[in-house]
Amino acid sequence: MMRSLFSAVSGLKTHQSKMDVIGNNVANVNTVAFKSSTTTFSEIMYQTISGASGANAATGKGGVNARQIGLGVTTGANKVRVTSPGAAETTGDAFDIRLTDKSTTNFFIVSNGSQNLFTRAGSFYVDGAGNLAMTSTGYTVMGWQVDEATGAIRKDTVSALRIMQEKNLTSPPEATTKGIVSGTLDKNDTGVTSDNGHMMNLTFYDKLGYRYVAKLAVKVTDPDAETYTVELADILDSNNKSIMDKYLKDGGDPAAVFGQNTTAVKSYMPTDPAIQYMTNGDANLGFVNAGYYYTYASFDGNGEPITRYVPMTYDPVNNEYSYPEYTYYTDKETAIKDKGDGTNAVKGQAGSGKLTDLFGITEKQLADNGSGTIPSGSFNTTTGAYDYTEPAVNYTLQFKKADGTFSYVGSQGSDTVTLRLADTLGDQFSDIEIDFSTCRAADNGGKTTLGADAGWEKGSVGQGKPLGALIGISIDNNGRIFGSYDNGNTVLLGQIAVAQFANASGLEKVGENCYTTTLNSGEFDGIGVEVAADGSSMISGELEMSNVDLSTEFTQMIITQRGFQSNSRVITTSDTLLEELINLKR
């Protein structure tokens, strides 16, 4: 009877322990990534009343089994169902991460400052120091850092993922190295046929992230042959100030920036009335023609005046012109009347002066235009202007006359030309290769749609970018953390590592959704593994819910209650038997 009492007491205690486990499971039905536990009972050793005996052939008796009486029950094991995943809960928060397991149970690695712990609760945030941390405890999330030399993940000892550190707050600028011109060119467009040409703005960046605009002009040279030129009109900085002006004033060669080494003819037309007319302004006698002025001083056989040319000399070293004494008539009739004998002729005086005075241009105006002085040249015998040559700042743009498709730019077989900036405007610039192969010539109602953009169409290669500010963080399925920047860059900032154990159920719960290793779980090597190594993954924007099954828990609760109740009845029944035994004395 006494054994039954103690067996029942052990039953009460064991069922109470099981009820404690069930109560803890139910209490954590909404705890993130909580793993429920199950209790396994184990019987206590038996008291042997008599041992077993074997069969005796001599006496003809068979064997007898041992007679044993059990001494009750105890808790055999509390098993954590750590390998059973909970359902997914969508949160939409990029820092909420759910682990999915393929063949191995994975755990996040977190640090409390003194040791590494392990958790399935992936509710994270960025703390005040920029570390990725658990929202519930502030423990820092551990992972691998980026190798600054290669930009790849360096999978060595795990460390705190400080994703918001100063170096990650900005993304470095990139210089523009590619450009593209596309659209339709119409030879009847008044812009193309004008002196300024059809203008295109190419926005680009230098290595420091400063923004510039290159102004490109397309001009027609032979509309019937669909031949055009592309020239660089100017380069403006972000303050709309020309940086080409300074380059030219410093003696820079415009052809070295953009264009082939050809020459273009430029002209200055004299504007000094005294030189143009050689009179008091009463008549056009003696008009300067091709650097020479003439008078009606002789006549041919028909009585028509013969032009007499008197040379004007020019000293390019001193930028001066001079002309000798001359004779002219005040009107044509007087010249005809005199028949060239000079009776009524007016004698002119010798003259000289600066060529800039002759053309009505000041030295300051020339300096503003980047040249400083009128370049060396000669007077044109046809137009009367002073002609000079300068390096051409253009490339030939040729289309196929048959169908208007692109033929070449610059030279035969070339699809691109280069805006050469690095060796001309400064080391902070990169040369820009500009592709023209997608543009065409066609009748477009007199409207040209050619436009220039940075980067090539194939993936915007070489587009260039300013300095970027961090505007967002994302985590992919492999646990890699990326920063998004307002200049369009996406930069790898680190990777979340996971831990795997030979016996995940052997981990010891230490509260706050964390586990620590035990002798029966296996040790953590300090490095971790990539979650995708066995096909597992991380899902951002989701959390793992508790794996508590309420239907199972309530069923176990009923069984536990009945078990506890039955053991109570054993005690009361044993007590009744003892009471009857005591009553025998009466």
Side-chain angles (χ1 to χ4, degrees), residues 14-43 73-89 97-112 115-123 134 136-137 139 141-142 158 479 496-539 543-553 555-557 559-560:
T14 305
H15 281 81
Q16 181 61 58
S17 296
K18 182 174 183 179
M19 192 63 199
D20 292 340
V21 172
I22 294 172
N24 184 60
N25 290 342
V26 174
N28 286 281
V29 67
N30 288 316
T31 300
V32 175
F34 175 79
K35 300 300 180 182
S36 63
S37 299
T38 59
T39 301
T40 303
F41 290 175
S42 177
E43 59 185 358
V73 66
T74 187
T75 301
N78 285 336
K79 182 179 179 181
V80 181
R81 298 174 59 238
V82 71
T83 59
S84 176
E89 175 187 0
I97 306 172
R98 179 171 65 90
L99 290 171
T100 64
D101 302 321
K102 184 70 173 180
S103 58
T104 307
T105 303
N106 298 284
F107 294 86
F108 295 111
I109 308 162
V110 296
S111 174
N112 62 4
Q115 67 175 135
N116 289 329
L117 301 174
F118 312 96
T119 184
R120 295 275 298 183
S123 178
M134 292 181 67
S136 58
T137 62
Y139 295 166
V141 181
M142 310 294 279
V158 293
I496 301 173
V498 297
Q500 297 176 350
F501 299 94
N503 176 26
S505 296
L507 292 171
E508 179 183 345
K509 284 188 174 184
V510 293
E512 298 177 325
N513 281 341
C514 293
Y515 301 83
T516 187
T517 58
T518 66
L519 294 176
N520 198 38
S521 65
E523 291 298 323
F524 174 60
D525 61 4
I527 299 175
V529 297
E530 186 172 346
V531 70
D534 66 345
S536 302
S537 65
M538 297 183 188
I539 309 298
L543 288 176
E544 181 181 358
M545 299 175 66
S546 170
N547 69 349
V548 173
D549 182 354
L550 284 178
S551 61
T552 300
E553 298 302 326
T555 301
Q556 290 296 320
M557 190 183 301
I559 295 173
T560 303

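We count residues from 1, following the sequence as given.
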Item to complete: Look at the side chain of Ser536 and the backbone N and O of Lys102, then say whether any donor-acceptor pair between them is shorter than 3.5 Å.
Response: yes

Fill in: Beyond-backbone contact of Val141 with Ile496, side-chain heavy atoms, under 4.5 angstrom
yes

Worksheet entry | OG1 on Thr516 to CG on Asn116, rounded to 0.5 Å | 9.5 Å

Fill in: Option from Asn106, Thr100, Val531 for which side chain to side chain contact (heavy atoms under 4.5 Å, CB included) with Met538 holds
Val531

Discussion item. Looking at every non-hydrogen atom in both residues, tell me the closest pair between Ile22 and Met557 and how far apart they are.
Written reply: CD1-N, 3.7 Å

Worksheet item: Looking only at heavy atoms, what is the nearest atom pair of Val80 and Ser505, with distance?
Response: O-OG, 3.7 Å

Worksheet item: Would you say Thr105 and Gln500 make side-chain contact, with heavy atoms under 4.5 Å?
Response: no

Practice prompt. Please answer whether the main-chain N or O of Gly528 pairs with a side-chain N or O of Asp525 as donor and acceptor at a distance below 3.5 Å.
Written response: yes

Practice prompt. Mind checking the CD1-CE spacing from Ile559 to Met19? Nearest 0.5 Å is all I need.
Written response: 12.0 Å

Discussion item. If we ignore hydrogens and angles and just use 3.5 Å, is the side chain of Asn547 paired with the main-chain N or O of Ser84 as donor and acceptor?
Written reply: yes

Worksheet item: So how far is it from Leu507 CG to Phe524 CZ, rounded to the nearest 0.5 Å?
Response: 12.0 Å

Item to complete: Check for a donor-acceptor pair, side chain of Glu544 on one end and backbone N or O of Gly86 on the other, with a separation under 3.5 Å.
Response: yes

Worksheet entry | Backbone N/O of Glu508 and side chain of Thr518: donor-acceptor pair under 3.5 Å | no

Discussion item. Any heavy-atom pair between the side chains of Met134 and Phe108 that's under 4.5 Å?
Written reply: no

Discussion item. Using a 3.5 Å distance criterion without hydrogens, assess whether the side chain of Asn25 forms a donor-acceptor pair with backbone atoms of Ser36.
Written reply: no

Worksheet item: Under a 4.5 Å cut-off applied to non-hydrogen side-chain atoms, are Arg81 and Lys35 in contact?
Response: no

Worksheet entry | Minimum-distance pair of heavy atoms, taken over all atoms of Tyr515 and Val510 | N-CG2, 4.1 Å

Worksheet item: Roughly how far apart are Ile527 CD1 and Ile109 CD1, rounded to 0.5 Å?
Response: 10.0 Å

Worksheet item: Is it true that Asp101 and Arg120 have a side-chain N and a carboxylate O under 4.0 angstrom from each other?
Response: yes

Item to complete: Report the C-alpha separation of Asn112 and Thr137 in whole Å, then their side-chain angles, then the decisive distance to 0.1 Å, and conclude whether the side-chain contact (heavy atoms from CB on, under 4.5 Å) test is met.
Response: CA-CA 8 Å; Asn112 62 4; Thr137 62; over 6 Å; no

Worksheet item: So, does Ser521 use its side chain to make a donor-acceptor pair with the main chain of Thr517 at under 3.5 Å?
Response: no

Worksheet item: Is it true that the side chains of Thr31 and Ser546 contain a donor and an acceptor less than 3.5 Å apart?
Response: no

Fill in: Partner of Thr39 by side chain to side chain donor-acceptor pair (under 3.5 Å), out of Asp20, Asn78, Thr560
Asn78

Worksheet item: Taking the side chain as C-beta and beyond, is there a heavy-atom pair between Thr119 and Tyr139 under 4.5 Å?
Response: no

Fill in: Side chains of Asp534 and Ser103, donor plus acceptor under 3.5 Å
yes

Worksheet item: Would a 4.5 Å heavy-atom cut-off, applied to side chains only, mark Val529 and Val498 as touching?
Response: yes

Worksheet item: Should the pair Phe107 and Phe501 be assigned to parallel (<30°), tilted (30 to 60°) or perpendicular (>60°) ring geometry?
Response: perpendicular

Item to complete: Measure the shortest side-chain to side-chain distance between Ser42 and Thr74 over non-hydrogen atoms and say whether it is less than 4.5 angstrom.
Response: yes

Worksheet item: Do Phe118 and Met142 come within less than 4.5 Å of each other through their side chains, counting heavy atoms only?
Response: no

